[in-house]
> 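Structure below; questions to follow.
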Amino acid sequence: MNCLILSPPVHQPSEPPAGAYLLAGALAARGIAAPMLDLSLEFFHYAMEQSGMNTKPALKYMTAPPEGVYDTHRHAGHSGVIASALRSFAASFPGWSLTPMDCSPPRGLHRILDTPVSGTPFSAFLDRVLDPVLEKHGTSLVLVSTAYLSQLPATVELAAFLRRRSLRFLVGGSVFNSLSSTGGGLELVRRVIPEVVAHDGSDLMPDGKPVLDSITHPVLLSGRPYLSPAPVIPAAFTTGCIWNRCLFCPDRARPFRYLPEDTLRDFIASAPRESMIHFVDSTIPAHRLPGVLEALRRNRARFFGFARATGEYLAPGFLDALAASGCSMLQWGLESGSREILRRFHKGTDPDTAKKVLREAGGRGIRNYVYLLFGLPGETGDDREETLRMIREIGRDVDFLNASVFNLPLECELVRRRGEFGMELGEYDAGSDVIRLYSPFVCDGRDPRREAKGFLRGEFGKDPAVSRILRNTPKWFRAAHMAFMGPDSPR
Ligand code: SF4
C-alpha cells in the first residue's frame, strides 16, 4: 500500500498541521510510503499570488526576519498585508471570507452540505495544484486529515474532487472525532462525505498498535515555504490529557496514553536542526520533560506548548533546565484568578502557585502565553475581578493573552451534571448552524457568557495592564509565531 496524506485548506500556514504530519510520520515509520501534501500551505501561496497584491516583502519578513526573530510591530504590519491579500482574493467569491486562520462560506457551514460545490475559492486551485501531484505520486489510498471546522468547506470540495478522479480515499481528523464525541452534525457531513471516519487512525496501522508508538518525520511534498523563520515540528508526549479532570473540557473523552519515551527522544533528535518543536499535547507532562532536554539541546532546538502551572515547575533548577534547553514559550491555561472557580470545575491548580510559576518562568526569558476563560456557570463579578487582579499582579511576566468566553460542549461532564450547577440548556437561534460543537445555556436564570462579554469589552479590556498585553499579542499567526517573538516586545 502507498498512501498520500492531504491536509485541506485552511489552517494557518506557519507550521505543518500536526494531525496530518504525525499520521504521515506514523505510517512512514511502519514502512508505508505516505508523503504529505499540505494543501492549506499551497492554497495560501496561491491566494496571495492571485490577489494581485505585492506580498513579497511580507513573505520575506515572515520567513526570514532579522536574526530569526519577529518584532511585534513589524510582525503586525506584515501579517496585516497578508490578511488584506487574502481578503482581496476572497472578494471574487461572493459571501466567502478568508483570513490567515479561518475561512467561512456564505450563509453558514451547513449550506455547503446542502448545495453541490463549485466556483468556490478552492475549485480552480485544486485542479491546478492537486492533479500534477496525483499524476506524479501514484497512490492506492488518499487519507484526508481535517482538524478544524475552518477546513470543512475545502474538505467537501476535495472529497468531490477525489471521487471524480476515481481515487480510493478516507476522510478523518480531530474535527470529526469532536463532532462525534462532543458535538453534533456528523451525520449531515456523512451524507455528503460518506468516506468520513471518526477514529484516532490506529485502524490504519499495519501493526495494530497506537499511532504514535512508532513515528518518524514524513516526506513533505510542498515546495512552498512555511511562514516561519525556522521549521516548526509537531511532537507529543501524550495523547489525551494527563490531568483530564476539568469539568468543562471537551477533550476528556480522548483516552490518555504516553508515547514510548525513546520514540519521542529519537523523533526530536532526528528533526531538522534548529527546529522549533511544537509539543501539541493537551498539556505537557512536566515530569517527562527532563527525558527530552538533552535531545533538544543537542539538536539546538527550541520548543513551546501547553503546560499546567503547578508546583512541579518550581522544583529547584527545573525552569533553569528548560530555559537552557530552548524553552521559548509556555502556554498556560490559567482560566481564572478565582480559587473558587478553579476548585468548582476541578482545574487542579492554585492562583498563588500559578503566579509564582509565571514569575519564575518570565524571569528566565521563557515567554508566558496566558489563557483565561470567562463565563463559566456561576461565575460572579467578584470572580472576574479576582482574575483581573491576578493579571495586574503578574502583568509584567505575561507576554501574550487569550481571554475567551466559555462555550459549553454539546456533550461533556458539565452537561451531564448540569443540575448541580443550576444550568439549563438553552435553545439555538433560528439561524444557527446545525454543525455544532456547543450548546447555549443559562445558569440560575442568568447568562454568564453575556456578562463575561460585557466585562471583557469594558473594565477588563480597558485596564492598562491588560491592554498592554493585548497590544503585544499578535492578531494573526498565533502560537508558533509568538514563540519566535523577540525580547524587544515590551514587557
Ligand atoms: S487541563 Fe486542559 S485538556 Fe486537560 S482536562 Fe483540563 S481543560 Fe481539558
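Each ligand, and each atom within it, is numbered from 1 in the order the structure gives.
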> Closer than 4.0 angstrom, basic N to acidic O: yes or no for Arg265 and Asp262?
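Salt bridge: no.
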> So, for Leu410 and Ser439, which heavy atoms are closest and what is the spacing to 0.1 Å?
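Taking Leu410 first and Ser439 second, the nearest heavy atoms are CD2-CB, 3.6 Å.
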> Distance check, rounded to the nearest 0.5 Å: Glu393 atom CD versus Leu358 atom CG?
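Rounded to the nearest 0.5 Å, the CD-CG separation comes out at 12.0 Å.
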> If waters are left out, how many protein N/O/S atoms lie within less than 2.8 Å of atom 6 (Fe) of ligand 1?
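Counting protein N, O and S atoms closer than 2.8 Å to atom 6 (Fe) of ligand 1 gives 1.
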> Could you go through the ring pair (Phe, Tyr, Trp, His ring centres under 6.0 Å) check for Phe374 and Phe406 one step at a time?
CA-CA 6 Å; Phe374 291 91; Phe406 172 60; over 10 Å; no
> Within the supplied structure, the quantity of interest is the number of heavy atoms (other residues, nucleotides, ligands) at a distance under 6.0 Å from Arg450 CZ; does it exceed 12?
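Counting neighbours around CZ of Arg450, 12 or fewer heavy atoms of other residues, nucleotides or ligands fall under 6.0 Å, so no.
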> Is the closest basic N to carboxylate O distance between Arg384 and Glu451 below 4.0 Å?
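Yes, Arg384 and Glu451 are salt-bridged.
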